[in-house]
Amino acid sequence: MSSQTAPADPERHALTVLEVRGLSKRFGPRNALDSIDISAGRGEILAFLGPNGAGKTTLLKVVATLLAPSSGSVAVEGHDVVEDAEEVRRRIGCAFHDVMLYENLTVEENLRFFGRLYGAPPSGERLDALLAALGLQHRRTDRVSTLSRGMKQRTALARAMLNGPRLLLLDEPFTGLDEVAGEALKSFLRDFAASSGPVLLTTHDPRLAYELASRLVVLVRGRIAREVRPEGTSIDGFAQEYRRLLGG
Amino acid sequence: MLREALTIAAKDLLVEVRTKERLAALVLFSLVVVLSFRFSFELFGVHDGGLAQSHFLVPAVLWVTVVFSATLGMLTVFSKEEENRCIEGLLLAPASRNALYVGKLVSSFASFVVIALLTMLFLGAFLPYDYRGQYLPVVGLLVLGTFAYTALGVTAAAVSASSRMREVLLPVIMIPIALFTVIVPSIAATSDVLLENLSGALDEVRFVAFSSVLFVGVSLLVFDYLWEA
């Protein structure tokens with residue numbers, strides 16, 4: 001069913017995985033996203049910050065093909081999210097605030113189900129490795145309904161990794177994680193970015209974003225209010241500027 | 001597409017078997033409706049050998065109960081996917097969204113056909129009614145009619161899924177469309193079978209089969225667009 005669209009410039013696309021140009025998304029009269037331009041390549045972790053309703057989740061959902069852009073273009077490895085949505089979905093992994101897991105299925109049943117659905121049924125070995133990497137081996141036969149929020153979040157991340165994505169989209173991935181799990185996740189994301197492709201994540205925590213990301217993007221009312229690299233500012237300087245942009 | 005569809009159907013059936021939530025509620029609903037008819041008939045003295053034995057009335061009671069139960073079941077087809085926004089997990093599959101339609105059609109049909117057969121059993125036991133020995137043809141009609149109604153219902157459920165008024169909207173969309181394409185022809189076919197008018201029944205069967213093909217065809221054409229936001 002899917003059509004293969006070859007990237008126009010393969011060399012350039014090998015470096016740039018995500019390209020967003022003039023993206024706007026309107027819900028009725030309200031502009032959730034307004035003329036967003038951004039690109040991301042392998043090795044990068046982009047942290048999107050901003051107040052509630054700034055458009056962070058909407059941006060991730062447009063890239064994930066769950067929402068259609070009102071105008072502008074979004075491409076993942078040269079595949080347009082509207083024209084070639086199936087190819088885009090083949091290349092991305094998503095873990096949003098809602099964990100997208102069936103409460104009445106076990107961790108393993110959920111992962112096997114989504115793996116088959118995403119065209120990448122996990123072998124026993126792959127499943128073991130994934131569960132081990134996210135510290136879930138001891139809960140693999142437990143129903144999701146019995147897991148804590150943090151465990152569900154980790155299972156959602158395992159689901160997002162099933163198809164070997166080239167771009168990872170994470171909506172507030174640190175919510176509900178304790179300090180140890182949070183540190184493990186940071187390390188996991190750094191490894192992913194270095195070996196597989198860029199990570200786009202949203203957070204409300206400027207210090208966490210500063211520590212983890214290679215680029216910090218502040219969204220306010222659907223627009224990019226500030227985009228900085230951590231090396232160009234201090235953590236306190238950024239936190240202060242972030243509060244100012246939020247009007248605090 | 002078929003692989004993804006069967007994966008979704010298998011998951012739905014596993015969850016259904018494990019929780020038995022929907023099936024138990026629908027069986028109970030069907031039983032309550034059948035018993036309501038049974039005591040209504042008795043109230044007016046039309047129970048034994050009277051109106052309740054009519055080969056016109058029984059098919060109507062049977063199909064109205066099946067349609068009401070299936071409509072109730074349709075409400076949960078996509079609303080259950082709202083838990084943890086699992087629907088987004090399904091929509092992220094790198095496949096045509098028609099896989100979702102076919103998967104939901106298979107799993108819903110499997111559940112509703114069980115309800116339809118149990119409804120037939122309840123009517124037989126509580127009215128009581130012997131279907132004049134035409135059990136297999138009536139079962140065949142129930143399978144066909146339930147499939148046609150489900151084929152329409154899955155798309156109607158998807159249309160109404162995002163509405164806050166879906167409990168009202170779904171039957172308002174479904175029943176008028178199904179009335180002359182599935183429900184009335186199925187009642188007529190069942191009545192013809194009970195009266196051993198097989199040529200008449202065959203005409204109605206062809207009509208319901210055509211409706212099934214039409215509903216599946218149209219659904220496959222429009223289903224992708226239903227999820228565009």
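So that the names make sense, note that chain A is the first sequence line, chain B the second, and so on, each numbered from 1. Values below: all heavy atoms of this structure, side chains included; hydrogens, waters and symmetry mates excluded.
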For the CG atom of B:Leu91 and the SG atom of A:Cys94, what is their distance to the nearest 0.5 Å?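 SG of A:Cys94 is found 11.0 Å from CG of B:Leu91.
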
Once rounded to the nearest 0.5 Å, what's the spacing between atom CZ of A:Phe113 and atom CD1 of B:Ile8? 5.5 Å

Does B:Arg3 reach the main-chain N or O of A:Arg116 with its side chain, forming a donor-acceptor pair under 3.5 Å? yes

Could you check whether any side-chain N or O of B:Arg85 sits under 3.5 Å from a backbone N or O of A:Val99, counting only pairs where one atom can act as donor and the other as acceptor?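 Checked: no pair found.
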
Counting only heavy atoms from other residues, nucleotides and ligands, does the tally under 6.0 Å from [atom1] of [X] exceed 12?
X	atom1	value
A:Arg112	CZ	yes
B:Phe68	CZ	no
B:Tyr135	OH	yes

Could you tell me whether the side chain of [Y] reaches within less than 4.5 Å of the side chain of [X], counting heavy atoms only?
X	Y	answer
A:Tyr102	B:Lys80	no
B:Leu92	A:Ile92	yes
B:Pro94	A:Glu87	no
B:Glu88	A:Asp98	no
A:Met100	B:Leu90	no
A:Leu105	B:Lys11	yes

Interchain contact, B:Leu6 with chain A, by part (heavy-atom threshold 4.5 Å): neither

Using non-hydrogen atoms only, which part of B:Thr7 is less than 4.5 Å away from chain A: side chain, backbone, both, or neither? both

May I ask you to decide whether A:Glu109 forms a salt bridge with B:Arg18, counting only side-chain N to carboxylate O separations under 4.0 Å?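 Salt bridge between A:Glu109 and B:Arg18, a charged N being under 4.0 Å from a carboxylate O: yes.
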
Under 4.5 Å from any heavy atom of chain B, what part of A:Lys152 do you find: side chain, backbone, both or neither?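 For A:Lys152, there is no contact with chain B at all, as no heavy atom is under 4.5 Å.
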
Can you tell which part of A:Arg143 gets under 4.5 Å to a heavy atom of chain B, answering side chain, backbone, both or neither?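 Contact with chain B is through the side chain of A:Arg143 alone.
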
When A:Arg89, A:His97, A:Arg159 are compared by non-hydrogen pairs under 4.5 Å with chain B, the top option: A:Arg89

